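Since this is a predicted model, take the numbers as computed values, not measurements.
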Amino acid sequence: MTAPLFPGRARRSVAALGAVSAGLLLLSACDKPTPLATVTVGSTSVSAESDCRADGKDLTMDRVQECLTGLKDAKTVDYARGDTLRLGVEPDVVEDGKKWQAVLDGQPITEPSSNTYRSFQGADVFATGGQGEAPASKMLGFVQVGEDGKPLAVWSFKLKLK
């Protein structure tokens, strides 16, 4: 009769250690989530990770425009004329001299800022200036820019007129 190479308890310990090691290896292969941007209207908030990111490189202006206007599954928040619109980003977005800018239907509505929060009380983002009927929805984007002003990431949301 031959003796086993490892007693039963040692085999279980080695198997458990192997399972934990494999789990840690899988977790280390996962991408770190990107910082969140948040849009709040009244008591409703929606948050999202960036839709477009260059991972350390600059985004081209064509890609930025595509991300701001062409996203079909952007998170939606209802907006009524006169509501207070609140925009926020996580502190990671403005680290190391980076800034962010709000963009409505492809047009900047704020200057680049290193603040993590902006509020627009009673803003009518659906105003047409007498140019016909207001659209049913508008795309609201946040663009992260580097110290040199070049775009690094884009978050997109849809404002839906109530």
S.K.: Apply side-chain contact (heavy atoms from CB on, under 4.5 Å) to T76 and list each qualifying residue two or more places apart in sequence or on a separate chain.
M.R.: K158, K160
S.K.: Could you give the distance from CE (M139) to OG (S156), rounded to the nearest 0.5 Å?
M.R.: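 Rounded to the nearest 0.5 Å, the CE-OG separation comes to 5.0 Å.
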S.K.: Measure the CD-CD distance between Q144 and E95 for me, rounded to the nearest 0.5 Å.
M.R.: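 Q144 atom CD to E95 atom CD measures 9.5 Å (nearest 0.5 Å).
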S.K.: Going by the rule side-chain contact (heavy atoms from CB on, under 4.5 Å), which residues pair with V145 if we only count those two or more places apart in sequence or in a different chain?
M.R.: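 By the side-chain contact (heavy atoms from CB on, under 4.5 Å) rule, V145 matches K99, P112, V143.
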S.K.: Mind running side-chain contact (heavy atoms from CB on, under 4.5 Å) on K98 and L152 for me, showing each step along the way?
M.R.: CA-CA 9 Å; K98 297 175 191 144; L152 302 171; 3.8 Å; yes
S.K.: With side chains defined as the heavy atoms from C-beta onward, is the minimum distance between W155 and V39 less than 4.5 Å?
M.R.: no
S.K.: Kindly indicate whether the side chain of V94, heavy atoms from C-beta on, has any atom under 4.5 Å from the side chain of N115.
M.R.: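 No - every pair of side-chain heavy atoms lies 4.5 Å or more apart.
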S.K.: If hydrophobic clusters are built from ILVMFWY residues whose side chains come within less than 4.5 Å, do I109 and Y117 share one?
M.R.: no
S.K.: Looking at C67, is its backbone amide N or carbonyl O close enough to the side chain of D51 to form a donor-acceptor pair, meaning the two atoms are under 3.5 Å apart?
M.R.: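 No; judged by distance alone, with no hydrogens or angles, the pair does not exist.
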S.K.: Under the rule for side-chain contact (heavy atoms from CB on, under 4.5 Å), what residues qualify as partners of E90, not counting sequence neighbours?
M.R.: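 Once residues adjacent in sequence are excluded, the partners of E90 under the side-chain contact (heavy atoms from CB on, under 4.5 Å) criterion are P35, L36.
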S.K.: For residues 113-126, pull every pair meeting salt bridge (charged side-chain N to carboxylate O under 4.0 Å, His left out), keeping only residues two or more places apart or in separate chains.
M.R.: R81-D124
S.K.: Any chance you could measure S137, atom OG, to L161, atom CG, to the nearest 0.5 Å?
M.R.: 9.0 Å
S.K.: Not counting sequence neighbours, which residues clear ring-ring contact (aromatic ring centres under 6.0 Å, His included) with F157? List them please.
M.R.: F142
S.K.: Taking all heavy atoms of E147 and all of G97, pick out the closest pair and write down the distance.
M.R.: CG-O, 3.5 Å
S.K.: Rounded at 0.5 Å granularity, tell me how far OG1 in T60 sits from CD in Q65.
M.R.: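 Output value for this atom pair is 10.0 Å.
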S.K.: Any disulfide (SG to SG under 2.5 Å) pairs touching residues 74-113, not counting sequence neighbours?
M.R.: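 Every pair satisfying disulfide (SG to SG under 2.5 Å) with a residue in residues 74-113: there are none.
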S.K.: What is the minimum heavy-atom distance between V46 and V77, and which atoms define it?
M.R.: CG2-CB, 4.1 Å
S.K.: For K138, which residues count as a side-chain contact (heavy atoms from CB on, under 4.5 Å) partner, sequence neighbours excluded?
M.R.: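 Expected list: L104, D105, F126, P135.
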S.K.: Specify the closest pair of heavy atoms between A153 and S50, including all atoms of both residues, with the distance to one decimal.
M.R.: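 Scanning both residues completely, I find the closest heavy atoms to be CB-CB, 4.2 Å.
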S.K.: With sequence neighbours excluded, tell me which residues meet side chain to side chain donor-acceptor pair (under 3.5 Å) with T40.
M.R.: S45
S.K.: Salt bridge (charged side-chain N to carboxylate O under 4.0 Å, His left out) with E66: which residues, sequence neighbours excluded?
M.R.: R63
S.K.: Taking only residues two or more places apart in sequence or in another chain, which ones pass side chain to side chain donor-acceptor pair (under 3.5 Å) with S47?
M.R.: T38
S.K.: Report the residues that fulfil side chain to side chain donor-acceptor pair (under 3.5 Å) with D83, sequence neighbours left out, ordered by chain and then residue number.
M.R.: none
S.K.: Below 4.5 Å, heavy atoms only, C-beta onward: do D78 and T44 meet side chain to side chain?
M.R.: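 D78 does not reach T44 side chain to side chain.
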S.K.: First locate atom CH2 of W100, then atom OG1 of T110, and finally report the distance between them rounded to the nearest 0.5 Å.
M.R.: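 One gets 6.0 Å once the value is rounded to the nearest 0.5 Å.
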S.K.: Do the side chains of V154 and L68 get nearer than 4.5 Å, heavy atoms only?
M.R.: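 When only atoms from C-beta onward are counted, V154 and L68 do touch, with a gap below 4.5 Å.
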S.K.: If you take all heavy atoms of S119 and T84, which pair is closest and at what distance?
M.R.: OG-CG2, 3.6 Å
